[in-house]
Every structure is written in C-alpha cells, then in structure tokens.
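Report on the structure given below.
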Amino acid sequence: MSEDILFPEDFLWGSAISAYQTEGGNYSNDWFEHEQKVNQIKNNDRCGKACDHYNLFESDHELISKYDQNALRTGIEWSRIMPSENEVNEDEIEHYHKVIESLERNKLTSFINIHHFTVPLWFSSKGGFLKKRNLKYFEKYCEILSKNFPEVKYWNTINEPNIFASMYYLYAEGPPSKQSLIAFLRGTRNILHAHAIAYHKIKEYNPKSLVGIVKNFPYFIQKEEGKIWVKIIAKIADKFFNQVTLDMLRTGKDPFIPFVKKKWLKDTSDFIGFNYYNVANFVRKKGQFIDLEMKLPNDKRVTQMDWGVYPLGFYKGLMRVHKELKIPMYVTENGLATLDDNFRQEYILKHLVQVKRAIDEGADIRGFFYWGAIDNFEWNEGFEPRFGLIGVDYATQERIIRNATKMYGSIAKSNRITAELIEKFDLLGD
Ligand code: BGC
C-alpha cells in the first residue's frame, strides 16, 4: 500500500483565470478588435459576455471557496481602468476593489495579474509593446494600480512574456497579427522591460507587496528524439523562449543585447510564477521545413488543444528554475482542456506528484494554481476547449461542478494526495 503524499504547511491551493477570458463585456482592447476579423477565431466565436465573471465574481469566489481552494489568481483589465490615454475610470477601480474584498471575504489569497495579453486600443494604436517609447504608458498604468490597490499582497506583473511575444509577433495568432523575427525579439525585450518597470513601480508605493513575473516554461525536447538537428533547434528555441528571462532576472542581462547588463533588470522578482502545460517538439513533415508540436510522436492521449501530457518536463523545468534563481516559486498555471473528467483528474494528480518531487529535492514551491478556475474563452480557439475545474454552460451562465472540482478540493482541504488516489490513478506506476 502506498503512503499519502503530503504537501508543505501553508501551501496555496488555487486556480487561475484572466480578466479578458472570463469577465465578458470588454470592448476597448486589442483582442476585441482582433476578433472582429472574420475567420480569426475557431467556430467564429466571439468573447462577448464570456463567463460573465464581471458580474458573477462573488458567486464564483464563493463556489471556489466552497470547494476548499484557498487562493485565486485573477487579473485587472487595463482597458477598463484606462479606457483612453488620459482617463482613469474610478468606477472600474471601485469594481476591482470589490473583487479583492470578495476574495478576502471568501478566504482566497489573491494573486493579481497586471498584464495578461490584452492592451487598450489607444495603446495598441500607438504600436503597443513593439515600441520602446510606449513603455511610459504602461508605467503610468502601474502607478495607478500601485496607488489605488495597496491592499494587494501578491502582484503578477506580466503573464507569459514569451507566449505573448510569440502569439502577437511571431505566429500572427493575436493582434497585431505580425509575423517577424525582429518584431518577436523586440516585443520580448520590451515586455520583459515592462515587467521590471512594474516591479519597481509597485515597490516604490508598496514595498511590502510581493511582486513576481509569470513565465511559461515549455519543455523543449532535446535528447528524446535523438536527432542532432532537433537538439540544435531546441537549444536555440529554449534560449529565446526560456533562458533570456532567467538570465535577465539572475544577472540583469538585457534580453538579446550582447554583453549588456542593467542593474534595474536584475533581481526583479520576489517569486517566480511558473506555468507549465507541455513539451515543445520540433518535427519535420512532408512539404514543411519544420513544425513545432506540443506532443511527442508516440503520445497516446492528447488534450482538446492537441497537446500531449508530459509531467516529467514539469519537474525538470521546476528544478531548473529553482537551481538558477533560488527564489520562492508558485505554479501559477497548469491544466488541460478536455471533456473527459477522469483525464482531468489524472492529469492534475500526475503533475502534482512532480511538484512534490521537486519540493522534496529542495525547490521552494509554495502553491499550485490549476488553469482554469472556470471554463474560459481560449483566445483563437474560442469557447470549445474546456479547461475549467468548474464548468460553464455559456447559454445560461450556470456553473457545473465537475468531479475534478471535488477531487482537487479534497486534496486542498487535507493538504495531501491520499494513498487511495495514488492507487486508483496508478500515480507511481510511471
Ligand atoms: C495562458 C492562458 C491560456 C492557457 C491555456 C496560458 O498560456 O496564460 O491565457 O488560456 O495558457 O492555453
């Protein structure tokens, strides 16, 4: 018989959402504009009212708390706070105060995200994060947040700088639909600078707040494929997508600028938010020079996103970041899109086992946030993928309690994975 797997005391057990993907009614940002272009989003979906979380946040918080989670990572929508360049919308500031109060009332530790992909239309029309000179507008926004929300203890600055820059500027999968390596490099550099700007601004007003970047760490397959070209390309991609952020935080190295280190970029994360979903595997297919797949060729089961399941890459990534940065870590996103709730439970458990393994080997991991707390608008994939621990019926806005909701809650409540779950899902089998 196996033994229970115990997690550290005070471990945060939460889940995550972003403002745009759940709130609904956001019509003043670049994603809204992007969506209006026909055929941009799967099934021609539009974010529209999304989960109506803007109005239903209190009952959502109550539900999350009822199922025993003790934390929620959520976001503030910049285009609500600053609908135009020189306007601060006090009603929206009030709204987010209410959101934070409700989190507190429901005993949910809040992680508040400043930038999760979307920007106001007035900012994107100036060139958004592609223009270095636009960073001053972002700094202003951070100042407004710092002054108005001193109650926030945990700030997340930028969600996934690498995914943002590749989605926006490399794959043309988001506004402004650009496809250029130069734009990707410039965009990555500027958004990483934006992180450091946010860090300093918050610390200036609220030195006690804890501030961290949220970084997605895809695990680039290097050895498993065994082919030399895969190894070389994976190494380069890893450098561009992962290492630049680690180098910047550890040494102040200016992203993609040879030999330049800047003090103001160094040590700008009190903790790191670690997001993990999948492997990144380069393959060659007929008629194509190279393609990037989020699965391995022999993967038996994939998610609705066509992503494989590779918990080992999670463990390796956690250990790598721990060794390089030696700062507290929170898993700020990990999850899958599926209609099969058994698959969801197994996925969660298998990834939690790797979290615990990393903790046992010294990584200072203090919490885990499943993505997503509720189903969400999945950018170009629309509403089809079901990531939620709690489901959403978009026609009625009814919330659906999945078995995974209950299972995750029982783990959160007891701070352990029981021997029974270990046996049932054969967790130690591979
Ligand atoms: C993003 C989320 C997204 C999730 C699932 C993350 O990269 O932060 O916005 O919904 O992945 O694709």
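Just so you know, ligand 1 is whichever comes first in the structure, and atom 1 is the first atom listed for that ligand. One-based numbering along the sequence shown.
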- Can you tell which of Y137, F138, F184 makes a ring-ring contact (aromatic ring centres under 6.0 Å, His included) with F129? F138
- Task: Look at the rings of F57 and H53 and say which category their plane angle falls in: under 30° parallel, 30 to 60° tilted, over 60° perpendicular.
- Result: perpendicular
- Nearest non-hydrogen protein atom, atom 7 (O) of ligand 1: E160 OE1, 2.4 Å
- Consider every N or O of E333 and every N or O of ligand 1, then say whether any pair is closer than 3.5 Å. yes
- For ligand 1, which atoms sit closer than 4.0 Å to a heavy atom of H116? 1 (C), 2 (C), 8 (O), 9 (O)
- Query: Under the 6.0 Å and 45° cation-pi test, does K215 pair with F217?
  - Reply: yes
- Ring center gap for W78 and F123 short of 6.0 angstrom: yes
- Close-contact set for ligand 1 against E378 heavy atoms, below 4.0 Å: 3 (C), 5 (C), 10 (O), 12 (O)
- Message: Give me the residue, atom name and distance of the protein heavy atom closest to atom 4 (C) of ligand 1.
- Response: Y277 OH, 3.4 Å
- Query: Hey, is the main chain of N44 close enough, under 3.5 Å, to the side chain of N39 for a donor-acceptor pair?
  - Reply: no
- Message: Give the atom numbers and elements of ligand 1 that come within less than 4.0 Å of a heavy atom of F387.
- Response: 5 (C), 12 (O)
- Item | Contact atoms of ligand 1, heavy-atom distance to Q21 under 4.0 Å | 2 (C), 3 (C), 9 (O), 10 (O)
- Item | Derivation of the side chain to side chain contact (heavy atoms under 4.5 Å, CB included) call for L349 and M407 | CA-CA 10 Å; L349 289 164; M407 182 205 74; 3.7 Å; yes
- Query: Of Y20, W379, W31, which meets ring-ring contact (aromatic ring centres under 6.0 Å, His included) against F117?
  - Reply: W379
- Message: Just to be sure I read this right, does ligand 1 sit under 4.0 Å from the backbone of W307, its side chain, both, or neither, counting only heavy atoms?
- Response: side chain
- Message: Show me which atoms of ligand 1 lie under 4.0 Å from any heavy atom of N159.
- Response: 8 (O)
